[in-house]
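Encoded as structure tokens, the structure appears first; notes follow it.
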Number of protein chains: 2
Amino acid sequence: MKLYTYFRSSAAYRVRIALNLKGIGYESIPVHLLKNGGEQHDDAYRAVNPSELVPALETEGVTLGQSMAIIEYLDETHPMMPLLPPDALGRARVRALAQTVACDTHPLTNLRVLRHLKGALGLSEEDRNAWYRHWLGEGMRVLEAQLANGAATGRFCHGDMPTMADCFLVPQVFNARRFDIDLAPYPTIARIDAACVDIPAFQAAHPSQQPDAEG
Amino acid sequence: MKLYTYFRSSAAYRVRIALNLKGIGYESIPVHLLKNGGEQHDDAYRAVNPSELVPALETEGVTLGQSMAIIEYLDETHPMMPLLPPDALGRARVRALAQTVACDTHPLTNLRVLRHLKGALGLSEEDRNAWYRHWLGEGMRVLEAQLANGAATGRFCHGDMPTMADCFLVPQVFNARRFDIDLAPYPTIARIDAACVDIPAFQAAHPSQQPDAEG
């Protein structure tokens, strides 16, 4: 498998965690999101993924987009170390937690949106930071409420083994730290993040450990 | 089952389509997203769904959030009229199409974001419309490219039976029409939307057919 990735992309980070948890070897193909206006907009990458976003996974002769669809695919084709629980209600809960990040938090704070706020709307850095903090805070508030009040929450988001939800939580926390967001209001998130960071699969997926990492 | 819904919410519309395609009866509990600043922010609803978003589905004594997680749950527990194809690559494709809407398009154009652009950023109606058209257009461009170039595209998004991807496409097209977006650049999307509109399950899920519909 080949993973089109950027070290700091939190969507690519999710997939790297899933690949590592399952012990699936893969080749990293870095796509630099900042250089020359962004390599993701080059014709070559657009042919790979018309969304001009990372990650994309090349497998079985096709290219898959969307981190959540990719992780579901990995879980179906590599059942060892399942990333979804065995019961339908549990799977719904794990997917909903992941989607709190994937649908309600990250899309509002990713690079293309911050660029648009600057370029098209002319927002100051201060206003862009306020935007970021608002939507990230809203997403973290909801995730914390879901986790703190969920009877199924264990050492990890769902029980005592990592699931797809943890693959989404950790990169979101990484983003929060990069922007100096105080994690004190989110104790359950912080506790689960700390449990994940103990696991080599999570460590190896960290942005700093990628071949394209920058200081 | 009880569905917390708002007639015009495109996320609730997706779940209504899935429920109807599977012939699952349900009770509609309307949550008015505009009245009194939005009933979704009331304590009563926040206890149901801390994200303060619709839809939410009450089933088996618990409440599920997130339209995509809900539809996956319905598909797993009601296997008749499957909404995902039988092969892993096909499922990945259908999920990725749905996520192009759920992650890359709708989160940037929903009510809470438009309100924030007005309230917190003080954007004019003209600038809010430009924002809407930009992100909706970007999402539609990607969806059109994925569908027009996909060998698996048939009468519907994936083959000749509706899938989860169609549950996401139709409400997004409904939103585009509401905002007078020209669909001419998206002929494959428009063709699939027309095929869906022929099906009673899609018709009955339309905002105009809901108990809380307004003129």
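Below, chain A is the first sequence line, B the second, and so on; all start at residue 1.
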Heavy-atom pair count under 4.5 Å with chain A, highest-scoring of B/V62, B/V113, B/T105
B/V113
Roughly how far, to the nearest 0.5 Å, is CG of A/L123 from CG of B/L123?
8.0 Å
Measure B/H106 against the heavy atoms of chain A and call it side chain, backbone, both or neither at under 4.5 Å.
neither
Lys/Arg N to Asp/Glu carboxylate O, B/E72 vs A/R91, below 4.0 Å:
no
Rounded to the nearest 0.5 Å, the CD atom of A/Q66 sits from the CD atom of B/Q146 at a distance of 7.5 Å
Any idea which heavy atoms bring A/Y73 and B/A92 closest together, and the distance?
CB-CB, 4.1 Å
So which residues of residues 162-177 of chain B are in contact with chain A at a heavy-atom cut-off of under 4.5 Å?
none
Please verify the inter-ring angle class for B/H116 with A/W131; under 30° counts as parallel, over 60° as perpendicular, anything in between as tilted.
perpendicular
Contact listing (chain A partner; residues 43-55 of chain B; heavy atom under 4.5 Å):
B/R46, B/P50, B/S51, B/E52, B/L53
Counting heavy atoms not belonging to B/M161, are there more than 12 under 6.0 Å from its CE?
no
For residues A/L89 and B/T77, determine if any side-chain heavy atom of one lies less than 4.5 Å from a side-chain heavy atom of the other.
no
B/L117 portion near chain A, given a 4.5 angstrom heavy-atom threshold
side chain
Proximal component of B/L121, with respect to chain A [non-hydrogen, under 4.5 Å]
side chain
Spell out the residues in residues 93-104 of chain B that have some non-hydrogen atom less than 4.5 Å away from a non-hydrogen atom of chain A, in order of number; otherwise answer 'none'.
B/R95, B/A96, B/Q99, B/T100, B/A102, B/C103, B/D104
Any salt bridge (charged side-chain N to carboxylate O under 4.0 Å, His left out) pairs touching residues 13-38 of chain A, not counting sequence neighbours?
A/K22-A/D75
Are A/L108 and B/R112 side-chain neighbours, meaning at least one heavy-atom pair lies under 4.5 Å?
yes
